[in-house]
Amino acid sequence: MAESTNPLLVKQLTAADFNPARFVQDATEQCVGGLELRQHRQQIQLIADSTSNELKKNVYRNYQQFIHTAKEIQYLEGEMYQLSHQLTEQRSLLSSLCGPPPATALQSPPTEEPPPPPTTPRPAAPDDLEERRRQLLQLMERVEGAAHIREVPSRYQLYESDLVELDQDTHTALQRVHGYLFNDALMMAVWLPDRRGRVRYKFEALFALDSVAVVNMRDVGSLKNAFKLLMFPETRVFQCATQKIKEEWLEIVDRTKRSKMDAERKQQSARQKRGGGVAVAAAPAESESAAESAPAEPPVGAAAIPEPLFIAEWLLEAPEDLDVFLAQREFEAALALLGRAREAAAPLPDSEARVQQLRSQLAGRRQHLTEALMAELRVEAGRSLQGGPRATRRALQLLIRLGHAGQACRLFLERRSALLRHELKQVKISMMTQLFVHRLSAVVFTSLADTTREFQRAFAAHPNCASALVVWARQELTNFMGTFNKQVFTAKVSLATLAECVTAIRSQADRLREAGLDVRQELDTALLRPVERAVTDARQKQLEAVRLRAAEDRWRPTNLQHAAGVARFQAEMRELGLPAAEQLPDESCRVPLTANTLQFCRSFLSLATELGRLSGGDLTPTVEDALAAVLLAQLQHAQQALQQERYRSERATVLTNGRFLLDELLRAAEQRYRDATGRPCPPMASLRTERSKFPDL
Amino acid sequence: MSGKKGVTQPALHKVIMVGSGGVGKSALTLQFMYDEFVEDYEPTKADSYRKKVVLDGEEVQIDILDTAGQEDYAAIRDNYFRSGEGFLCVFSITEDESFQATQEFREQILRVKDDETIPLLLVGNKCDLEERRRVAHAEAGARASQWGVPYVETSAKTRHNVDKCFFDLMRKISARKAELTRGNHEEVKEPTKCWKCKCQLL
């Protein structure tokens, strides 16, 4: 038998238009009898064998390429899976966008503890719980018989992927499944070959995350990208499409488990704390009293550390909680927490790295808190100073409690200065000196008094800060006196106004003394020189006036003209406090007092009042001497008249006037002075010795 | 295992590595699997390995579950232990604490498996670090004999006794399985008898 194949037959078989039916027909027609047919068959068999051999050789020759292609196909399959998933996800996302109106246009920051997996092949995990729940709902629509998954309200989905379940012993593929990872469980759903609408999978099993053991399977032989679930008595093996997906599964399972564990621990420690009866200052303490009492109460449950290395959960989280409080400007709560944390951290051993870290974190937060509070107190351009003392009280107290009394004191006083400057600007410089000074002093002294009160309230426990207040008050007073002097001690201002202003600030100083700060000594010192000058000026003016009037004096009794004039005279005298003069006018409406005397009476009495007001302290002798000197000048004028020949005929009038000055005016003046100062005026009283010079007739 | 699988697959022995974190469970496993020693320490989550080996002239498969030394959930630990047929209870001879922990691991295993005779080896690893030894050979040996198990000192670094501990354990597992199969046959018969008894009674 010919081993070589018939080339004609090969050509026939490999022809492009090869028709098996016709070939068989031709063969039966050509062949005569069974033998020929069998030969023909043998020939064809030969060709088939050689072809198969050739094919095998071909495969061997291109073995590498085959493997490569197979891998490529597998890889492509994976890609297609991912692509189809992304498409379905996008579709569901779009449908959810088109469907119910989105809750908010802006996505709120994540509120949930476990962070979403960073590189999920699924779209980025939704930001908030609501969204996650909705996603869960949608996905459950795709899984038949999984409605009960949604019965746990806190459950949400973290990860999912297609998987292939393998036989645990032989590692041969069993079925296609889809795995879902929730925050507390793992769900497996079997792939349905005939999909019905949205339903693609059928619920198969749910494993609680805290009891199922997830085991990574090292690649061996044909087994790749697989992991195992151990759930007695079951052991199940699942294969992922790629190494990356497997790593993500394991990574996210592990992380979820850990965060679940953390959450449970936190709950437990919270329960412990509640058992200890200590309300955690998590809620912002809105009143000062709450904030003050919080650090005082020891963290009973937490501080009672059962083991040296046990660190309470809340303590470890304290730095983060502090950040939150700081961000929300709940400084009291922050300080309370800080206090408790430091107290609880104090007995912990330094050797532990966690403790050291905690300490440094707490120290950092304390620094932050201090800075925030100092910023609160600091005077900054553009920031409103409105709000008064109450606005600063909170920050001030917290800062003091933090142990920064010095800074608090400095900032507080700086702030008060700024506030005072601001208030002073509001006081318009008015033409009315008196009014202006009145307002100015009211503002300054009120501010001083307020500051003193606030200071005493805040720094009661820090007496060493009191000197700062004194220095500050002195500085502010000096500033004020500068303005005051400029306004008051000028030539334009009358003595009456001046006396009024000085009295005003003195009474303000008295008020301040009641508030606890005595600045009267300071004030008197500041006033001494200018007032002294003012008194001397007034004395000079009066003496000058006496001299001028004396030059014109003709010692004529005053004619009051008519009854009305008499009445007016009497009223005036009564008002001046010279009731004796009321009896003086006679029937002809004359008074024996000269116009000069009357004028002097008026000006001297007002001088007595005004100087009386200025009198006090070191100024008293100046004031009293001035009064005595002025009166003496007038008396001397009368005495000179007695000795002059040309006034011999007016002697009676001169004597009457002189007596009137010494008897009535002196008494009235003394009265006025006493009213103003509460003291007698000895230099004036000593003038009574002059009385002998004006003998009664 | 069903007979059908038994024909195609060689016998499979499931070994679990237990012990505190950092005693060298993974190092032993990797040395046994791949003849390599890994210096860097990275806590294991849970890894499983499979290898075909020839045990006393017979081809068998070993499935090693390298557990996490630090696993918080007791239920998960139980599931690890339940899946094992034999245990290597590993400690580091340089760390007394890890030796003390073996007691607890054994108790857990016994509780989960509910079997006093479960194949188990007490393994003192890191025996190359003789100068840092904290656990005396005699002390560990005493504990092993108290448990009624062998004590092996190994070094994943020098490969000293690595194969020995795995093979010894597989032998014990294999022997135990043979014992159980015999036991099972007897057990299977008993309920049948009973059922028959009841039938007769009826």
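Keep in mind that the numbers below use all heavy atoms, side chains included, and drop hydrogens, waters and symmetry copies. Keep in mind that what you see is a predicted model, and the values were worked out from it rather than measured.
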Colleague: Under 4.5 Å heavy-atom distance to chain B, tell me which part of A:Asp254 shows up: side chain, backbone, both or neither.
Modeller: side chain
Colleague: Heavy-atom cut-off 4.5 Å, strictly under: side chain, backbone, both or neither for B:Phe81 against chain A?
Modeller: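 Neither part; nothing is under 4.5 Å.
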Colleague: Should the pair A:Glu165-A:Arg236 be classified as a salt bridge under the 4.0 Å nitrogen-to-oxygen rule?
Modeller: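 Here A:Glu165 pairs with A:Arg236 in a salt bridge, since their nearest N and O are under 4.0 Å apart.
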Colleague: Please classify the contact between B:Ile64 and chain A as side chain, backbone, both or neither, with a heavy-atom cut-off of under 4.5 Å.
Modeller: neither
Colleague: Of the non-hydrogen atoms in A:Ala185 and A:Arg155, which two are nearest, and what is the gap between them?
Modeller: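 Result for this residue pair: CB-NH2, 4.4 Å.
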Colleague: Select one option (side chain, backbone, both, neither) describing which atoms of A:Val212 are under 4.5 Å from chain B's heavy atoms.
Modeller: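 A:Val212 touches chain B through backbone heavy atoms alone.
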Colleague: Between B:Asp78 and chain A, which part of the residue has a heavy atom less than 4.5 Å away: side chain, backbone, both or neither?
Modeller: neither
Colleague: In chain order, what residues pass the salt bridge (charged side-chain N to carboxylate O under 4.0 Å, His left out) check against A:Arg176, with sequence neighbours excluded?
Modeller: none
Colleague: So which of A:Ala226, A:Ser211, A:Ala213 has the largest heavy-atom pair count under 4.5 angstrom toward chain B?
Modeller: A:Ser211
Colleague: Highest number of heavy-atom pairs under 4.5 Å with chain A: which of B:Ala46, B:Ala75, B:Ser48?
Modeller: B:Ser48
Colleague: Looking at B:Val123 and B:Leu88, what are the two nearest heavy atoms and their distance?
Modeller: CG2-CD2, 3.9 Å
Colleague: Less than 4.5 Å to any heavy atom of chain B: does that hold for the side chain of A:Leu209, its backbone, both, or neither?
Modeller: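 Only the backbone of A:Leu209 comes within 4.5 Å of chain B.
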Colleague: Do the rings of B:Phe32 and B:Phe166 sit parallel, tilted or perpendicular, given the 30° and 60° boundaries?
Modeller: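 Ring orientation, 0 to 90° scale: parallel.
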Colleague: Classify the ring geometry between A:Trp249 and A:Tyr159 as parallel (under 30°), tilted (30 to 60°) or perpendicular (over 60°).
Modeller: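 Rings of A:Trp249 and A:Tyr159: perpendicular, over 60°.
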Colleague: Give, as side chain, backbone, both or neither, the part of A:Val214 having an atom under 4.5 angstrom from any heavy atom of chain B.
Modeller: backbone
Colleague: Among all residues two or more places apart in sequence or in another chain, which pass the salt bridge (charged side-chain N to carboxylate O under 4.0 Å, His left out) test with B:Arg134?
Modeller: none
Colleague: Could you have a look at A:Glu264, A:Met217, A:Met261 and say which one has the most heavy-atom pairs with chain B under 4.5 angstrom?
Modeller: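 Option with the greatest count: A:Met261.
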